[in-house]
Asker: 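What follows is a structure written as structure tokens; I'll ask about it next.
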Amino acid sequence: MSLTWITGGSDKIEGCAPWPRFIVNDGAWLRAGDGLRDGRIALLGFWGERDAVHLALSNPALDTISVITRLCPDRRFPSIAASFSPASRLERTIGDLWGVFADGSPDPRPWLDHGCWPAAPAGVNPPRDASAPYPFLAVEGESLHQIPVGPVHAGIIEPGHFRFTASGETIVRLEERLGYVHKGIERLMQGAEIDTGARLAGRISGDSTVAYAIAFARAVESASGTVVPPRAHWLRALMAEMERIANHLGDVGAICNDAAFAAMLAPCAVLREHVLRTAGLCFGHRLMMDKVVPGGVAVDLGSDSIAAIKTLVSEIRQHLPDLIHLYDNTTSLQDRTVRTGVLRPDFAAFFGCGGPIGRASGRAVDVRRRPGYPPYDELSFDVIERQDGDVNARVWVRIEEIKQSLALISQILSRPPVGKTMTALAAPPASGGEGLALIEGFRGDIMVWVRLRADGKIDRCHPRDPSWFQWPLLEAVIEGNIVADFPLCNKSFNCSYCGHDL
Amino acid sequence: MRRIFRGLIQRPLTEPAPAPDDAALAELAQRVDMAARRTLGRSLSIREVDAGSCNGCELEIHALNNAFYDLERFGLRFVASPRHADVLLVTGPVTRNMRMALERTWRATPDPKWVVAVGECAVDGGLFAGSDAVVGGVSAVVPVDLHIRGCPPTPLAMLQGLLALLSVSASG
Ligand code: SF4
């Protein structure tokens with residue numbers, strides 16, 4: 001199904017690849033809001049700039065994609081969140097960062113702006129009053145109490161604030177407040193050289209540095225019409241799968257640890273360390289930062305490295321059954337994870353929630369498969385899906401995905417294309433160029449949109465983390481659970497703070 | 001059960017006689033251990049504070065707890081509250097939104113205390129320097145005793161840094 005029922009009759013912008021962008025009127029803009037609410041289309045991204053707001057949309061199966069733009073000469077636009085609540089935090093962010101505000105918005109509170117900035121980043125909002133309290137949503141009822149947590153938490157974890165309202169042990173409502181690690185990344189990208197942009201993209205969320213670097217590189221390559229050598233695609237996928245395995249191992253261990261079952265954390269952490277050491281050995285950086293660059297990859301793989309990665313794969317394959325056995329046969333652990341923090345499939349679908357969280361709740365979306373990108377069209381793997389949506393399901397999806405990634409790595413190592421790993425970037429069209437990329441990180445689909453100037457510098461870049469559509473759902477799944485299960489639910493989501501705060 | 005039993009009878013993974021590439025780790029481990037005992041008796045408590053990192057530094061700080069580096073064997077352990085801490089391990093270019101939280105965490109940490117800034121960001125803002133949403137390095141907000149460089153620093157580099165901290169404070 002195409003999106004012409006939204007974009008039909010709108011002006012198509014030249015130079016956007018691989019998906020089109022249209023300037024739309026209010027009729028089409030509001031049709032998009034209705035389509036999102038009815039589930040006929042899915043939200044991929046929603047971002048602003050000084051005089052426009054953009055929505056990236058797709059059909060639910062993610063094979064048709066379009067960006068629509070509503071110009072905002074008067075710095076206002078009709079609210080999408082008014083009909084489709086998952087857009088709310090994005091709309092609040094657009095107001096904070098660009099001084100462009102949504103008319104009819106259901107929640108006009110600031111989001112990333114905590115009143116600590118000397119001026120709003122676009123220089124158009126007056127600075128907010130830092131002493132004004134942030135109004136948390138009211139919860140009323142008998143014998144309710146509030147538990148404020150963070151931004152500095154008890155563990156080694158990123159900062160965010162959680163406001164629990166509880167009745168005894170049971171959580172009645174959770175409200176998140178994020179934005180603590182906002183670093184102004186989009187502003188830093190404006191006018192930056194592509195190299196700098198790539199390094200920044202690799203540090204939007206350090207645990208997904210490879211996925212972000214691929215997303216940024218592909219967006220820039222689309223915008224400039226650069227064709228990357230096949231070997232680069234394969235090496236990118238190799239690094240991306242190693243990153244996925246490392247993170248999934250870390251998550252599985254950490255989730256069990258939060259259920260007070262450290263016996264699982266230790267072996268998972270050991271395997272994770274093996275992945276990082278192998279990455280360090282083969283690519284020169286344990287997290288593989290700055291190894292994927294626009295135009296290709298900055299490292300090649302020698303026969304020693306291939307041998308080392310093969311050893312790694314067989315070692316993980318050897319230990320994984322033990323871990324699965326341990327997880328599957330520890331009833332005290334299952335007692336904590338089964339039916340805890342249930343995310344209903346209709347919620348996951350409504351929010352367009354991706355990654356293991358979405359797939360554990362019946363949303364079988366994986367952008368490696370659809371819309372797809374090389375080399376995955378030449379590799380075979382399964383998209384793991386479950387319906388139960390609890391902590392246990394999220395653990396199992398990760399375990400099964402580790403197996404899939406191991407199989408992918410074996411396929412990649414068995415027949416990598418030979419040749420160059422890098423090509424010079426083509427010059428963007430004289431009128432500039434735009435590119436959009438969707439990459440499956442370990443948390444779900446990462447989107448990067450970039451517009452290049454004719455001189456090759458970055459005019460505007462918007463990276464969208466999967467966490468945007470997952471954080472709000474954590475608020476939903478925690479309701480009715482006990483306070484002690486929050487760490488478990490939170491860890492099984494493992495949303496990015498910095499990827500969201502930007 | 002099978003696994004726990006095996007764990008009981010097996011040699012621990014922490015390498016007492018490490019493989020060659022871990023020689024540096026082993027030597028370091030011994031020196032950290034000695035320095036820690038000299039300075040603090042048996043323990044040093046660390047509170048980690050993310051003041052705006054990309055979470056890359058946190059991943060490597062986590063790795064310090066795995067069975068290879070096993071920080072706890074030196075009596076160095078991560079604690080849940082700044083009130084229990086001797087050392088604040090701070091990462092990130094301090095964001096404006098985290099500045100107050102970092103100051104308060106520092107004030108909540110009892111004296112004597114040390115602040116270790118971890119990662120390039122924590123030195124001077126790193127790649128994020130110049131953004132109007134960040135303050136800059138950690139020392140722009142709280143006094144820093146030691147910087148550990150790297151993006152992110154490897155667990156070995158962090159162990160080295162902690163050792164340096166312990167030696168200096170022992171002689172000072
Ligand atoms: S130093 Fe590097 S890894 Fe650490 S927070 Fe900064 S960008 Fe991330």
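Residue numbering restarts at 1 for every chain, and letters A, B, ... go by the order of the sequence lines.
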Asker: Has Arg203(A) got its NZ or CZ under 6.0 Å from the middle of the six-membered ring of Phe128(B), at an angle within 45 degrees of the ring axis?
Answerer: no

Asker: Top residue by heavy-atom pair count (under 4.5 Å) with chain B, among Glu158(A), Lys183(A), Arg286(A)?
Answerer: Lys183(A)

Asker: Provide the closest heavy-atom pair for Ala67(B) versus Val270(A) in the form atom of the first, atom of the second, distance.
Answerer: CB-CG2, 3.7 Å

Asker: At a 4.5 Å cut-off on heavy atoms, which part of Thr105(B) comes close to chain A: side chain, backbone, both, or neither?
Answerer: side chain

Asker: Kindly compute the distance separating CZ (Arg99(B)) from NE2 (His114(A)), expressed to the nearest 0.5 Å.
Answerer: 16.0 Å

Asker: Should we say atom CZ of Arg149(B) is surrounded by more than 12 heavy atoms from elsewhere, each under 6.0 Å from it?
Answerer: no

Asker: Heavy-atom distance under 4.5 Å between the side chains of Pro152(B) and Met289(A), does that happen here?
Answerer: yes

Asker: Hey, is the main chain of His182(A) close enough, under 3.5 Å, to the side chain of Thr95(B) for a donor-acceptor pair?
Answerer: no

Asker: Work out which heavy atom in Asn66(B) is nearest to a heavy atom in Ala269(A); give both atom names and the distance.
Answerer: CB-CB, 3.8 Å

Asker: Indicate the atoms forming the closest heavy-atom contact of Cys498(A) with Ser53(B), along with that distance.
Answerer: CB-O, 3.6 Å

Asker: Only pairs of heavy atoms separated by less than 4.5 Å count here; which of Thr209(A), Asp207(A), Val152(A), Leu287(A) has the most with chain B?
Answerer: Asp207(A)

Asker: CD1 of Ile156(A) to CG of Leu89(B): how many Å apart, nearest 0.5 Å?
Answerer: 8.0 Å

Asker: If we define contacts as heavy-atom pairs under 4.5 Å, which of Val94(B), Asp50(B), Asn97(B), Thr91(B) has the most with chain A?
Answerer: Asn97(B)

Asker: Contact part of His153(A) toward chain B, heavy-atom cut-off under 4.5 Å: side chain, backbone, both or neither?
Answerer: backbone

Asker: Checking the side chain of Asn55(B) only, and the main-chain atoms of Ser205(A) only, is there a donor and an acceptor separated by less than 3.5 Å?
Answerer: no

Asker: Can you see which heavy atom on Arg47(B) is nearest to which on Ala154(A), and at what distance?
Answerer: NH1-O, 3.1 Å

Asker: Return the CZ to CZ distance between Arg272(A) and Phe68(B), rounded to the nearest 0.5 Å.
Answerer: 12.5 Å

Asker: Any residues in residues 56-64 of chain B near chain A, with a heavy-atom distance under 4.5 Å, and which are they?
Answerer: Gly56(B), Glu58(B), Leu59(B), Glu60(B), Ile61(B), His62(B), Ala63(B)

Asker: Less than 4.5 Å to any heavy atom of chain A: does that hold for the side chain of Pro82(B), its backbone, both, or neither?
Answerer: neither

Asker: Checking Leu112(A) against chain B: side chain, backbone, both or neither under 4.5 Å from a heavy atom?
Answerer: backbone

Asker: Can you say whether Ile157(A) sits under 4.5 Å from chain B via the side chain, the backbone, both, or neither, judging by heavy atoms?
Answerer: backbone

Asker: Any heavy-atom pair between the side chains of Arg199(A) and Cys151(B) that's under 4.5 Å?
Answerer: no

Asker: For a side-chain contact (heavy atoms from CB on, under 4.5 Å) check, start with the C-alpha distance between Met100(B) and Cys116(A), then their side-chain angles and the critical distance, and finish with the verdict.
Answerer: CA-CA 9 Å; Met100(B) 189 200 288; Cys116(A) 308; over 6 Å; no

Asker: Determine the minimum heavy-atom distance between Gly184(A) and Ser131(B), stating which atoms define it.
Answerer: CA-OG, 3.9 Å

